[in-house]
Amino acid sequence: MSFTTIIQSSALKSLSELYGQSFSEKDFQINETKSEFEGDYTIVLFALVKTLKKSPEILGKELGEHLIKNYPDFFSAYNVIKGFLNLKITDSSLNRLLEENYQDENFGKPSHNDQKIMVEYSSPNTNKPLHLGHLRNNFLGWSVTEILKANGNEVIKTSIVNDRGIHICKSMIAWQMFAEGATPESTHEKGDHLVGDYYVKFNDEYKQQVNELVTSGKTKEEAEKEAPIMKKTQQMLLDWELAKPDVRELWSEMNRWVYKGFDETYKRIGSDFDHTFYESNTYLLGKDFVQEGLQKGILYKKEDGSVWIDLSDKNLDEKLVLRSDGTSVYITQDIGLAKQKFEEYHLDKSIYVIGDEQLHHMKVLKEIIRKLGMPFADKMYHLSYGMVELTSGKMKSREGTVVDADDLVNEMVATAEKHTTELGKVNDFTKEELKELYETLALGAMKFYLLRVDPKKRMIFNPEESIDFHGFTGPFVQYTYARIRSILRKVGEINDSGIKPGLSSDGLLPLERQLIIALEKYGNVISDASNEMNPSVIANYVFNLAKLFNSFYSEHSVSNAESDEKKQLRLCISVMTATVIKSSLQLLGIKVPERM
RNA sequence: GGCCCCGUAGCUCAGUGGAUAGAGCAACAGCCUUCUAAGCUGUGGGUCACACGUUCGAAUCGUGUCGGGGUCACCA
């Protein structure tokens, strides 16, 4: 039971004993006491004042007295200021919490198994390498998965790779025209970058051809349609659908290059999937329900043969689900894939980590599925996140302002190396150890930077700020962890009997209390983050915890504590803080270094 | 134009019904003979876009206005 739960239930019980009225948890709030007042937790009384017709002062005094009298083990003091009843928790409660949990690596995580959840994220196109936006997506998908797991759910990570369509044909055509057989091996370039380069070449060539046609008197629209390179690409797409061997072969080959490149990036940023769907396998899914929908009268056919659904009763337009030529559109396969996911995996929930520019699309998808009478519409959840923008505005591939994922990682690793070398604290590390440390710090900085803000909000990526290793950053938290590990190494081996927090006769000092109370909160933080599917809750929490520990560290000595009891107590606080930091960062996909 | 999201310190963000609105960065002033200074302590910095309303109480809820973004494809 968490402290807030204890306070809540004891207050409810006290109220009914005092006034013979029963209240629910919604009738009053419990907050942490603001630092300028005396106390740890605060019950806000105003709402009770009304129903009980008592002045806040009297009510607060009566409730405070009653709580202290009946729960002397838990509450040690109270005071009432205006409508706020401030309560102080006994040292013994705090000590007990510490004693019982300081070694528990699963502290704060419920042990029960709850739901089966699928998280789909990353979902790249195969014509371009991963960029900053994908990083936000990947970090978010990974972290939400970890958070849901920590909250007792079984989670399956998936990705749907958009491996077919006009975009990859563009890269293929440009490769045929310009590459002279170049491969990742022959050029020593990562496959995803190589294929991306030809996508760019396609666009350059296309633009040039259009311009030439325009100067020869065509309108822009005509020129865009008639540009030879575009015609070739469209023909290639048709050939692909007809499964022409030479086209399919090149397509497989180039996709293979891309996957190899993606795998390298995924491995480096610590992303992986339990199952990967490929659009080339799923793009025909969902056609079968069209017939069914037509029969049921949910879908209707227009004169040209195209099939539609009317969503106007849901304040949405009518939406096409099958083209007049009988081919399916994006949303058609989405319906099919959604169904396949639920049927194959028996999911309780299916989460889509997709940018907020697709909010409308996902709303339409869900509504169609509901109308078609599929039972899982309400189990689908679009975890939308805002676009990452640069200080100079949006990322535009055309203007070359896209921040490439691999470049960014490299840059961050170089920064980590520079800082580490300057500080010179790990000069005895081997080359391998150093390399690992740089990666840990670089990715810690990046992940923390992208996860510390509410996913729903769009965010500005400031290159200078993101490579900062001070303040509200991953390395700051990692540093706090390394610091604690250093204390523990110096103080000596920790064996189970070595640390036992004795009750210091001096009582707990303010920073000691604050730290234990902050640690106690961790379970609530995990469940909040899980309910909101919001990793920034964890990031903010762990930063505050680290900050608090650093204050404690500079104020009080662990190894040179005033007494042996104090030393044991502070060791326990340190051990538990390290554990919670490690655990929190792990929920963000961030590793901790023993030294840095 | 319809619908959706956002507007909090110079910048980037917390806070979503409670007390005198908080962090980090940037600026300034201190702190290494003691467990890692990637740290700690302090100072300055606010019309919570604006207006009206609901409430004992509003940055938080409602309505409207202004400003920014997204979306409304036989693209994916």
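Because only heavy atoms are used, hydrogens play no part in the values below, and waters and symmetry mates are left out as well, while side chains stay in. Chain letters run A, B, ... following the sequence lines, proteins first and then strands; every chain starts at 1.
Within 4.0 Å (heavy atoms only), A:Thr42 reaches at least one base atom of the nucleic acid. As judged by a 4.0 angstrom heavy-atom cut-off over every strand, A:Leu423 is placed among the base-contacting residues. As judged by a 4.0 angstrom heavy-atom cut-off over every strand, A:Thr420 is placed among the base-contacting residues. Residue-level contact check: A:Phe472 touches the backbone only, with heavy atoms under 4.0 Å from sugar-phosphate atoms and none from bases. In this structure, A:Glu594 reaches the bases: a heavy-atom distance under 4.0 Å links it to at least one base atom across the strands shown. The residue A:Gln478 sits apart from the nucleic acid: no heavy atom pair falls under 4.0 Å. Residue A:Leu441 is in base contact, counting any heavy-atom pair closer than 4.0 Å across all strands shown. Contact annotation for A:Asp325: no contact, since no heavy-atom pair falls under 4.0 Å across all strands. As judged by a 4.0 angstrom heavy-atom cut-off over every strand, A:Asn550 is placed among residues touching the sugar-phosphate backbone only. Using a 4.0 Å heavy-atom criterion, one finds that A:Phe476 contacts the sugar-phosphate atoms exclusively. Residue contacts for A:Val453: at a heavy-atom cut-off of 4.0 Å it reaches the sugar-phosphate backbone alone, with no base atom in range. Using a 4.0 Å heavy-atom cutoff across all strands shown, A:Met596 reaches at least one base atom of the nucleic acid. Using a 4.0 Å heavy-atom cutoff across all strands shown, A:Phe543 reaches sugar-phosphate atoms only and no base atom.
Under 4.0 angstrom from either OP1 or OP2 of B:G7 there lies at least one side-chain N or O belonging to A:Lys457. Phosphate proximity of B:C40 to A:Lys547: absent, as no side-chain N or O sits under 4.0 Å from OP1 or OP2. Phosphate contact (OP1/OP2 of B:U41, side-chain N/O of A:Ser551, threshold under 4.0 Å): present. Contact annotation: A:His360 does not reach the phosphate of B:C4 (side-chain N/O to OP1 or OP2, under 4.0 Å). Between A:Arg452 and B:A23, a side-chain N or O to OP1/OP2 separation shorter than 4.0 Å is absent. Of the side-chain N and O atoms in A:Arg323, one or more sit less than 4.0 angstrom from OP1 or OP2 of B:A76. Contact between the side-chain N/O atoms of A:Lys363 and the OP1/OP2 oxygens of B:C3 is not found at any separation under 4.0 Å. One finds no side-chain N or O of A:Arg570 lying less than 4.0 angstrom from the OP1 or OP2 phosphate oxygen of B:C35. Proximity of A:Lys50 to the phosphate of B:C56: a side-chain N or O atom is located under 4.0 Å from OP1 or OP2.
One N or O on the side chain of A:Ser143 and one on the backbone of A:Leu587 form a donor-acceptor pair closer than 3.5 Å. Although no hydrogens or angles enter the test, the distance criterion places no donor-acceptor pair under 3.5 Å between the side chain of A:Arg458 and the main chain of A:Val388. With A:Ser563 contributing its side chain and A:Lys566 its backbone, the two residues share a donor-acceptor pair below 3.5 Å. Between the side chain of A:Gln478 and the backbone N or O of A:Lys591 there is at least one donor-acceptor pair closer than 3.5 Å. Using a distance-only test at 3.5 Å, with no hydrogens or angles considered, no donor-acceptor pair links the side chain of A:Asp27 to the main chain of A:Phe23. A:Tyr283 places no side-chain N or O within donor-acceptor distance of the main-chain N or O of A:Arg164, the cut-off being under 3.5 Å.
With hydrogens and angles left out, the side chain of A:Asn86 and the base of B:A19 share a donor-acceptor pair within 3.5 Å. Taking 3.5 Å as the limit, the base of B:C40 and the side chain of A:Ser554 contain no donor-acceptor pair of atoms between them.
Here, B:G42 and B:C48 have their C1' atoms 26 Å apart, quoted to the whole Å. For the C1' atom pair drawn from B:C25 and B:C66, the interatomic distance equals 30 Å after rounding to whole Å. Across B:G22 and B:U8, the matching C1' atoms stand 10 Å from one another, rounded to whole Å. Nucleotides B:A26 and B:C5 are separated by 35 Å at their P atoms, to the nearest Å. Using atom C1' as the reference point in both B:G15 and B:C52, the two lie 25 Å apart (nearest Å).
Salt bridge status for A:Lys302 with A:Glu318: present, with a side-chain N to carboxylate O gap under 4.0 Å.
Minimum atom distance to the side chain of A:Gln29 is reached by B:G18, of the listed B:G24, B:G18, B:U36.
Between A:Leu320 and A:Glu32, the residue whose closest nucleotide on RNA chain B is further toward the 5' end is A:Glu32. Residue whose closest nucleotide on RNA chain B sits further toward the 5' end, between A:Gly165 and A:Glu36: A:Glu36.
Shown here, B:C32 is classed syn by the O4'-C1'-N9-C4 or O4'-C1'-N1-C2 angle, which is within 90° of 0.
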